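Below is one structure, written out as structure tokens; comments come after it.
As the structure is a computational prediction, the values presented were derived from the model and not from experiment. Residues: numbered from 1 along the sequence shown.
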Amino acid sequence: MKVIQEKLPASQIGLEIEIPAETTKNTHEKVVKNLAKSANIPGFRPGKVPRQILLQRLGTKAVKAAVIEELIENCLESALKQEGIESLGNPQLLSQFEDLIAAYEPGKALTFSVSVDVAPTIILGDYENLSVTAEETVYDPESVENWFKERQEQLATLVPVE
């Protein structure tokens with residue numbers, strides 16, 4: 001599987017993934033078999049639907065869409081492992097899904113683009129040479145007493161005397 005990385009703004013990485021022809025063919029066969037097992041077509045027992053009738057009833061576009069979903073899910077996971085990328089959140093498909101359906105042919109290579117959120121790279125400044133000087137404050141007992149008196153007056157509850 002061929003993967004091309006591209007740095008995008010806002011801590012994202014763009015991936016262009018090319019799926020080999022053999023993988024697209026194998027995945028197509030697997031998805032058609034799964035659909036044949038689960039499809040409920042009148043006149044046929046589940047799992048015994050002929051391939052041509054299944055493709056005719058479901059439509060080639062629906063089958064292609066199911067295959068592309070399976071391909072994107074599996075190949076994206078493999079590409080992230082292959083490139084050693086730890087993604088945050090869900091990937092976003094940059095290629096139009098309709099264009100992928102139109103371009104897909106079983107047994108031919110398929111290329112799609114995805115953006116993935118990643119942790120931002122942090123560049124620390126020169127923090128080791130920083131120095132802090134403390135200000136010396138002079139204790140004044142009179143100012144402390146004034147502060148306490150002000151707080152007592154502010155927080156006091158006045159009750160009228162009868």
Give me the atom names and distance for the closest heavy-atom approach of [X] to [Y].
{"X": "A21", "Y": "G107", "value": "CB-O, 3.2 Å"}
{"X": "I17", "Y": "M1", "value": "CG2-SD, 3.6 Å"}
{"X": "K64", "Y": "Y104", "value": "NZ-O, 3.3 Å"}
{"X": "K108", "Y": "T24", "value": "O-OG1, 3.1 Å"}
{"X": "S87", "Y": "L80", "value": "OG-CD1, 4.0 Å"}

Honestly curious: do [X] and [Y] fall in one hydrophobic cluster under the side-chain, below-4.5 Å linking rule?
{"X": "Y139", "Y": "W147", "answer": "yes"}
{"X": "L93", "Y": "L8", "answer": "no"}
{"X": "Y127", "Y": "I122", "answer": "yes"}
{"X": "L88", "Y": "I13", "answer": "no"}

As an exercise, state the distance from [atom1] of [X] to [atom2] of [Y], rounded to the nearest 0.5 Å.
{"X": "L71", "Y": "T27", "atom1": "CG", "atom2": "OG1", "result": "4.5 Å"}
{"X": "C75", "Y": "Q82", "atom1": "SG", "atom2": "CD", "result": "10.0 Å"}
{"X": "K2", "Y": "T111", "atom1": "NZ", "atom2": "OG1", "result": "8.0 Å"}
{"X": "E16", "Y": "F112", "atom1": "CD", "atom2": "CZ", "result": "10.0 Å"}
{"X": "Q96", "Y": "S113", "atom1": "CD", "atom2": "OG", "result": "11.0 Å"}
{"X": "L94", "Y": "Q92", "atom1": "CG", "atom2": "CD", "result": "6.0 Å"}

Go through L15 and I4 one step at a time and tell me if the side-chain contact (heavy atoms from CB on, under 4.5 Å) criterion holds.
-> CA-CA 6 Å; L15 299 174; I4 299 171; over 6 Å; no

Side chain to side chain, L100 and I72, heavy atoms closer than 4.5 Å =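 When only atoms from C-beta onward are counted, I72 and L100 do touch, with a gap below 4.5 Å.
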
Does a side-chain heavy-atom distance below 4.5 Å link P42 with R57?
->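 Result yes, sub-4.5 Å side-chain heavy-atom pair found.
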
Do [X] and [Y] sit within salt-bridge range, that is, some charged N less than 4.0 Å from a carboxylate O?
{"X": "E98", "Y": "K61", "value": "yes"}
{"X": "E29", "Y": "R51", "value": "yes"}
{"X": "E70", "Y": "K30", "value": "yes"}

[atom1] ([X]) with more than 12 external heavy atoms under 6.0 Å:
{"X": "D99", "atom1": "CG", "result": "yes"}
{"X": "E77", "atom1": "CD", "result": "no"}
{"X": "R45", "atom1": "CZ", "result": "no"}
{"X": "Q154", "atom1": "CD", "result": "yes"}

Verdict with reasoning, E150 to N146, per side-chain hydrogen bond (donor to acceptor under 3.5 Å, both in side chains) | CA-CA 6 Å; E150 288 174 10; N146 289 338; over 6 Å; no

When I101 is tested against each of V63, V67, T60, I68 for side chain to side chain contact (heavy atoms under 4.5 Å, CB included), which residue passes?
->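 It is I68, the one option of V63, V67, T60, I68 that forms the side chain to side chain contact (heavy atoms under 4.5 Å, CB included) with I101.
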
Can you list the steps and then say if E83 with Q5 is a side-chain contact (heavy atoms from CB on, under 4.5 Å)?
-> CA-CA 9 Å; E83 297 296 315; Q5 286 189 30; 2.9 Å; yes

What residues form a salt bridge (charged side-chain N to carboxylate O under 4.0 Å, His left out) with K149, not counting sequence neighbours?
->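 So K149 forms no salt bridge (charged side-chain N to carboxylate O under 4.0 Å, His left out) with any residue.
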
